[in-house]
Asker: 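Shown below is the structure under consideration.
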Number of protein chains: 4
Amino acid sequence: MSTVLPGHPPAEKKLRPARTNATRQKLFDASMELIGERGAAGVTVDEIAAAAGVSKGTVYYNFGSKSDLIAQLLRHGVDILKARLLSASGDTGTDPLAAMEAMIGQAMDFMADYPSFARLWVSENWRTPSVWQDTFAVLRTELLAVIGEAIEAVAAVYPVDRSVSRGSLETAIFGACFVVGLDRQTYNPERTRDQSVAAIMAIMRGYVVN
Amino acid sequence: MSTVLPGHPPAEKKLRPARTNATRQKLFDASMELIGERGAAGVTVDEIAAAAGVSKGTVYYNFGSKSDLIAQLLRHGVDILKARLLSASGDTGTDPLAAMEAMIGQAMDFMADYPSFARLWVSENWRTPSVWQDTFAVLRTELLAVIGEAIEAVAAVYPVDRSVSRGSLETAIFGACFVVGLDRQTYNPERTRDQSVAAIMAIMRGYVVN
Amino acid sequence: MSTVLPGHPPAEKKLRPARTNATRQKLFDASMELIGERGAAGVTVDEIAAAAGVSKGTVYYNFGSKSDLIAQLLRHGVDILKARLLSASGDTGTDPLAAMEAMIGQAMDFMADYPSFARLWVSENWRTPSVWQDTFAVLRTELLAVIGEAIEAVAAVYPVDRSVSRGSLETAIFGACFVVGLDRQTYNPERTRDQSVAAIMAIMRGYVVN
Amino acid sequence: MSTVLPGHPPAEKKLRPARTNATRQKLFDASMELIGERGAAGVTVDEIAAAAGVSKGTVYYNFGSKSDLIAQLLRHGVDILKARLLSASGDTGTDPLAAMEAMIGQAMDFMADYPSFARLWVSENWRTPSVWQDTFAVLRTELLAVIGEAIEAVAAVYPVDRSVSRGSLETAIFGACFVVGLDRQTYNPERTRDQSVAAIMAIMRGYVVN
DNA sequence: TATGAATGAGCGTTCATTCAT
DNA sequence: GATGAATGAACGCTCATTCAT
């Protein structure tokens, strides 16, 4: 599975999509896989280069450093996840709760498609003095905003429990998605996508007062 | 905060609680703090030894290896968390939903008291080929069992949504606790304990059908 | 004295004889000297690197491990010794006993030229559970075969004492060469090459019956 | 097999053979075995203590240091070997060549009885800057003297090749004994004692002119 | 663009030695 | 006499990074 959408060239150059990006693409794919499995610190640049079929120098030529490679990996994964979430919530005219359920379904699919990204996220987020501290703060805000809008849409149509603070609710859903998705991969492969979605949707159903 | 409950001496010997366990205690405390903040791979044994005020050799004399130290750290943290969860759920005669809320509150308090443990858990759990793979599997099962019993108690009294699979529900609550707790520390220190509990309890309220 | 003949690059690649092999050569020479003097376990990789004028990482880049470096050192030394022995025994048409004497002379010269190799051999050979167990078995067999052929040639021309088993005889000569050569260096530098050869040749003269 | 005869107590005390020497004896036996197999540098004081069934501190209490323990081990082994060689050569009235053969037989038996001692000897002798340099020089001289006397006895009765220098001859026999004995253990266990003796005796038969 | 030889700071681990008990 | 907890210097090895080609 190819994991790169944007990708910033080494320096600010015009547009050189062809050969150059092929190298970056291979490196993105290889890193995503390896880092997800063994953690950022547990993977060496040699391994990434070997898995991508290029030399070690090429990694540095294209990304400058291991940290930068990972930062771009995070940015890239979030772009994909956001695009998927928005595609689900975007169906105007539909029931907001149904849209929410579709979104959580998209999140589950994303966790299944990019298991390595999810592992990377939970491994490195919440690390207090981290190289990617700012990167995570930005990306997290973007993702929570998408979820927040979907909750907002629900609250605009249904009577909801106003005692539940909005930020916490988004976070709870966000966290449940990651953890349920990861647990399915690691400990319960037999659990279905819909079971997982239903469990998370319980949060929303509890938010809506009857 | 002191972090050691059990603690096994180098070998199973008579009883030498005084001096020996003091050293192990200091090492446990120092490791918990450092590893939680910077990750298992990001902390050196030198740092742990220095923080505990002992020499590096002493770490190895007492724990054999860095991995073993961390495995014992995990076991220890889970013992504390389990004890707290059980103390909340144990109040027989109370309403199962209230007991559940008390348990989630205990979980939030634990996350606040031992932020490092929660970070360590999410950083290293879900790592596929890991030294602590078995350790995590055992500990996870123990914790989910405690949550599972509390859910069981609710289902015995209230009408619940039988379409929600039990395993997924436990996992969703478990995950929401960790992530909400961690996010509070890292990104939203102003969020109150009760707001967090309420957000997670939405899951349970959604599980109970009206 | 330069000690490298073959030398395998990190991986089997094209041909990059110039720069690369120079480094390996320097490392071979430095190791041979240091390890011979102080034993394999008594020499550190840092020392070898320093003596070769390269960094420690370069040792590992080129040889993978200290053990591998030493294994290649042994193989290399045996290649040289074998070449010398064969050059002496190869003179067809000469008297087999004279050829034998020339061979032992070559062995003495080798011990004098590569004192470190001889010390390394006797230090690490005969170690029962050893990393180089297989290496030694192979190399020993090769060397004994060369000596064995020379003895065979003698037995084909002279009447010999058939009660002396062939394997033991080769071993006795082999061992006497090493020990006499080493003793000369360490305890009796004033002893001449020819005295040493004569002492070992006594074995052959005793083997030939009159 | 018990390996200690003399043994010097920690300090110069009267005579306290009973309990104390039992500890030293156990340590001697354990060290001899372990060091012979894996080399002096390859064995730890912990292992020796464990094998002897005492604590590590006891090793230091009895021997002061690892080096001293080994030095005493060497002294001790040589005492045994010398005693055996002398017992064989001592039979006055017998043919000097027969006495020589008996001596070499004793040497072979010693190598078989104390394989570890032989390995230790060849591993650490010939090491130029060594802690045991002086120890080895003394012990070597003692052993060569015993062999020298036996050769002398032969030369007094038989016509011998005067062109063979005496020192070299002793060394050649000495070395052949060690190497043939060790090779038998390591590579040719099926070889008989008498085959080995015959191979070494070839040296003497070659020394005697007909 | 890409390579790969070389680097060196740093890591996990070992182990001879000490010393209070 | 004997113990074993503690030490710290040193070791083998790793790996992100640099740079000449």
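Keep in mind that this is a model prediction, so the values were computed, not measured. In what follows, chains carry the letters A, B, and so on, assigned in the order in which the sequence lines appear, proteins first and then strands, with residues in each chain numbered from 1.
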Asker: Hey, does W126(D) have a side-chain heavy atom less than 4.5 Å from the side chain of F136(D)?
Answerer: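 Not touching, per the 4.5 Å side-chain cut-off.
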
Asker: Heavy-atom nearest nucleotide on DNA chain F for Y60(A) versus G53(D): which residue maps closer to 5'?
Answerer: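 Its nearest nucleotide being more 5', the pick is G53(D).
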
Asker: For residues R75(C) and T135(C), is any side-chain donor paired with an opposing acceptor at under 3.5 Å?
Answerer: no

Asker: Could you check if a side-chain atom of R24(D) sits within less than 4.5 angstrom of a side-chain atom of F63(D), using non-hydrogen atoms only?
Answerer: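 Yes, close enough: below the 4.5 Å cut-off.
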
Asker: Of the candidate nucleotides dC13(F), dT3(F), dT13(E), which contains the atom at the shortest distance from the side chain of S65(C)?
Answerer: dC13(F)

Asker: Base, sugar-phosphate alone, or nothing: which one does V59(A) contact when heavy atoms must sit under 4.0 Å apart?
Answerer: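 Nothing, no nucleic acid heavy atom in range.
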
Asker: Dot-bracket for DNA chain E: what is it, with Watson-Crick or G-U pairs under 3.5 Å, [ ] where a pair crosses earlier ones, and | for a pair to another strand?
Answerer: .||||||||||||||||||||

Asker: Any luck finding a side-chain donor-acceptor pair between R119(D) and T128(C) under 3.5 Å?
Answerer: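 Yes, side-chain donor-acceptor contact under 3.5 Å.
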
Asker: Ignoring backbone atoms, establish whether T23(D) has a side-chain N or O less than 4.0 Å from OP1 or OP2 of dG1(F).
Answerer: no

Asker: Using every non-hydrogen atom in the two residues, find where L73(C) and M32(C) come nearest and quote the distance to one decimal.
Answerer: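 Result for this residue pair: CD2-N, 3.8 Å.
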
Asker: Tell me if the side-chain of K56(B) makes a donor-acceptor pair with the base of dT13(E), cut-off 3.5 Å, by modelled atom types.
Answerer: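 Check passes, donor-acceptor contact within cut-off.
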
Asker: So which nucleotide from dA16(E), dT7(E), dC15(F) ends up closest to the side chain of T58(C)?
Answerer: dT7(E)

Asker: Heavy-atom distance under 4.5 Å between the side chains of I48(B) and I35(B), does that happen here?
Answerer: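 Yes, their side chains come closer than 4.5 Å.
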
Asker: 5'-most contact on DNA chain E: A41(B) or G57(C), nearest heavy atom basis?
Answerer: G57(C)

Asker: Report yes if at least one side-chain N or O of N62(C) is closer than 4.0 Å to OP1 or OP2 of dA6(E); otherwise report no.
Answerer: yes

Asker: Out of dG12(F), dA16(F), dT3(F), which nucleotide sits closest to the side chain of S55(D)?
Answerer: dT3(F)

Asker: Just compare dG12(E), dG1(F), dC15(E) and give me whichever is closest to any side-chain atom of K66(B).
Answerer: dG12(E)

